Each structure stands twice: as structure tokens, then as C-alpha cells.
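Here the structure is laid out as C-alpha cells; the discussion comes afterwards.
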Number of protein chains: 2
Amino acid sequence: MPTKTYQIGVEATMEVIGGKWKSIILCHLRQKAMRTSELERAIPQISQKMLVQQLRELEAANIVTRHVYQQVPPRVDYSLTDYGHSLSGVLHDLCVWGEENIDRRREQGEAITLLHRDDL
Amino acid sequence: MPTKTYQIGVEATMEVIGGKWKSIILCHLRQKAMRTSELERAIPQISQKMLVQQLRELEAANIVTRHVYQQVPPRVDYSLTDYGHSLSGVLHDLCVWGEENIDRRREQGEAITLLHRDDL
DNA sequence: TGGGATACCCACTAAAAAGTAAGTATGGAT
DNA sequence: ATCCATACTTACTTTTTAGTGGGTATCCCA
């Protein structure tokens with residue numbers, strides 16, 4: 001099998017948290033374990049397919065775990081693994097930088113809104 | 001014009017540093033100003049088109065500046081703006097987390113290599 | 001006169017990511 | 001029997017992102 005090669009560490013990080021949805025999902029899970037329907041409500045624009053697909057990829061990367069409760073109707077929840085928690089600081093900083101970026105752009109006259117701040 | 005709305009700060013951050021190339025370019029520029037050809041050498045897989053395109057987008061977001069020297073043959077270099085430097089901590093953490101991720105995966109038997117570490 | 005060096009730009013194509021809309025399974029409640 | 005809720009799948013389409021291969025401009029130098 002061919003050796004996977006990275007030039008620089010950030011490439012590997014972006015494989016894990018990059019894309020449109022992963023970092024958003026992780027920022028939510030950073031705060032608490034959440035069930036599927038809860039994540040759907042927290043991220044209204046995401047489709048069910050994308051949510052599930054991204055969660056599977058995060059599971060495969062050992063960042064989140066899936067916990068199935070033996071119930072009907074089904075109940076499943078997702079939380080960060082210990083390893084996933086090692087991203088917590090980065091995720092928080094990404095949120096904060098974005099909040100500042102939005103404030104800045106608004107001050108410069110851009111019509112822009114942020115619904116939820118990451119207050120921790 | 002319609003108001004741009006974000007749910008959470010990280011969305012705005014990812015608009016700036018997301019995608020396959022931007023974070024890599026920024027990690028390099030974090031260390032020093034670099035000319036086009038230097039960036040091409042530092043990021044061997046990138047095409048000229050992508051490099052220029054990403055640099056233009058980073059300029060538009062006020063993260064990098066383009067400096068043209070009046071010379072023939074042309075000489076241009078790029079560096080982080082003051083605002084771009086506000087990403088420096090995040091970028092460093094992204095590099096470091098990725099380096100650890102790669103180490104971890106190698107320990108678990110994956111065939112994987114990292115060429116350049118971010119030693120600062 | 002024509003090649004070299006640098007930093008582009010443009011048109012076209014290919015591949016990857018994301019979106020849409022529908023369907024499946026379970027078992028309890030009505 | 002039928003319906004409900006939850007958590008998925010699957011097939012298909014659209015959009016976005018990235019890659020390829022070419023071309024332009026400048027001025028110096030042989």
C-alpha cells in the first residue's frame with residue numbers, strides 16, 4: 001500500500017475538521033452529547049444525509065462515538081471521544097475568531113448577523 | 001441586499017481558512033513573506049491557478065497583502081496583514097494537532113509520513 | 001531577433017462535495 | 001390494521017471546487 005504523505009500538519013487536521021459541516025457539528029458536540037434530532041435542530045440547514053455522513057466520518061476518525069440506547073422509537077446520541085476532546089481548544093478558538101471576524105465586518109458596514117455565540 | 005447570517009462563529013472562520021489550500025498557504029505565510037515562486041516550491045502539489053486564486057481570495061478577506069516590486073522580471077510577494085496575524089495562533093494549533101494526529105496514526109500502524117513540522 | 005525569467009489570465013474539463021426526495025425498519029399506542 | 005416517532009439508507013441531481021493546458025506581458029541579454 002502506498003504511504004500517505006503530508007507536507008505540513010495542518011493538512012491532516014483539515015482532513016478531519018474540514019468541509020462545510022464537520023467543524024460545526026464538532027463545536028456543538030464540544031458542549032454536550034447530542035442526539036441526531038437535536039443536532040438537526042441545532043444545525044437547521046444541514047440535511048439528514050449530510051449529518052449522518054459527517055458523523056460516520058468523524059466516528060471513523062475516532063473523534064466522536066455513537067451510543068445506541070435500546071429503545072423504541074430508537075434513541076442514539078453522539079459525543080466527542082477523549083481524542084475528540086483534544087480538538088476542543090482549537091474548535092473554541094475557531095469559533096471566537098469567527099465571532100470577531102463577524103463583528104469586524106459589521107463595523108465595516110456589511111449586513112451580517114451571528115445567531116449563537118460560543119460562550120464558555 | 002439580504003443579510004448574511006451565520007449560526008455559529010466557526011462558519012465565518014471556515015469561509016476564510018477553509019478549502020484545500022488556504023490554511024496551507026497561511027501556515028507558510030505565518031513564518032515569513034513569500035513570493036509566488038517560493039510558495040509554489042513550498043506547496044508542490046498546488047497549481048499556479050489555484051495558488052493565485054486562493055491568494056486573491058485571502059487578499060479580498062484582508063488576510064494577506066500583495067506587494068509588487070518595480071522590477072523586471074516581475075517580483076511580487078505576499079504576507080499576512082495585521083489582521084491576518086490574528087489567525088497565527090489558530091494556524092499554529094491546527095499544525096500541531098495535525099502533527100500529533102499523524103504520529104498517532106503511525107503508531108497505530110498506518111503508513112503515513114509528514115515532511116515538514118511547524119517548529120516555532 | 002529571439003529566448004529567458006516571473007507572475008500572471010483564460011477557457012475548458014474533471015472530480016468531489018453537497019443537496020433533494022424518496023424509502024426502510026422497529027415496536028408501541030390507538 | 002394503521003399510524004407515529006426516530007434514525008437512518010439509497011438513488012439521483014446539482015453545485016462547487018480543483019486540475020490542465022494553453023496564452024499574455026515586461027524588459028534584459030546574447
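The structure presented is a predicted model; accordingly, all values stated were derived computationally and were not measured. Quick note on labels: first sequence line is chain A, next is B, and so on, each numbered from 1.
- One interatomic measurement links the two molecules: CD1 of A:Ile25 to P of C:dA18, which rounds to 10 Å at whole-angstrom precision.
- The CD1-P distance, from A:Ile46 to C:dA21, rounds to 17 Å in whole Å.
- The side chain of A:Val52 sits closest to D:dC8 out of D:dT6, D:dC8, D:dT26.
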For this session: Decide yes or no on side-chain contact (heavy atoms from CB on, under 4.5 Å) for A:Tyr83 and A:Ile63, but give the supporting numbers first.
Result: CA-CA 6 Å; A:Tyr83 186 47; A:Ile63 304 296; 3.9 Å; yes
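- One interatomic measurement links the two molecules: CE of B:Met14 to P of C:dA17, which rounds to 14 Å at whole-angstrom precision.
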Exercise. Does the pair B:Cys95 and A:Ile8 meet the rule for a side-chain contact (heavy atoms from CB on, under 4.5 Å), with working shown?
Worked result: CA-CA 7 Å; B:Cys95 278; A:Ile8 193 174; 4.2 Å; yes
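- Note that NE2 of B:His28 and CG of B:Leu80 are 12.5 Å apart. Values are rounded to the nearest 0.5 Å.
- The interatomic distance linking B:Arg41 (CZ) with C:dT6 (C1') rounds to 11 Å, in whole Å.
- Protein atom CG of A:Leu39 is 14 Å distant from nucleotide atom P of D:dT6, rounded to whole Å.
- Taking only side-chain atoms of B:Tyr78, from C-beta outward, the nucleotide of C:dC8, C:dA5, D:dA7 with the closest atom is C:dC8.
- A:Lys32 and A:Asp77 are not joined by a salt bridge, as no carboxylate oxygen comes within less than 4.0 angstrom of a charged side-chain nitrogen.
- Considering only side-chain N and O atoms, A:Arg66 lies nowhere under 4.0 angstrom from the phosphate OP1 or OP2 of D:dA7.
- Neither OP1 nor OP2 of C:dA5 sits under 4.0 Å from any side-chain N or O of B:Arg75.
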For this session: With salt bridge (Lys or Arg N to Asp or Glu O under 4.0 Å) as the test, would you mind laying out the steps for B:Glu99 and B:Arg104 before giving the verdict?
Result: CA-CA 9 Å; B:Glu99 290 166 10; B:Arg104 182 187 156 101; over 6 Å; no
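- DNA chain C is contacted by both A:Pro73 and B:Gln48; B:Gln48 maps to the nucleotide lying nearer its 5′ end (nearest heavy atom per residue).
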Exercise. Where along nucleotides 13-18 of chain D does protein come under 4.0 Å, by heavy atom, of base (B) or sugar-phosphate alone (S), with - for untouched nucleotides?
Worked result: -----B
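- Checking B:Val76 against B:Val72, the closest nucleotide of DNA chain C that is more toward the 5' end is the one next to B:Val72.
- D:dT6 atom P lies 14 Å from atom CG of A:Asp77, rounded to whole Å.
- The side chain of A:Ser37 contributes no N or O atom lying less than 4.0 Å from OP1 or OP2 of D:dA5.
- The distance between atom CG of A:Leu55 and atom P of D:dA7, rounded to the nearest whole Å, is 11 Å.
- Taking 4.0 Å as the cut-off between side-chain N and carboxylate O, A:Lys22 and A:Glu15 do not count as a salt-bridged pair.
- Looking at heavy-atom distances under 4.0 Å, B:Tyr69 makes no contact with the nucleic acid at all.
- Side-chain proximity of B:Arg56 to the nucleotides C:dC8, C:dA5, D:dT9 is greatest for C:dC8.
- Residue B:Arg35 contributes atom CZ, which lies 13 Å from atom P of C:dA5 at whole-angstrom precision.
- Salt-bridge check for A:Arg56 with A:Glu59: passed, with a basic side-chain N closer than 4.0 Å to an acidic carboxylate O.
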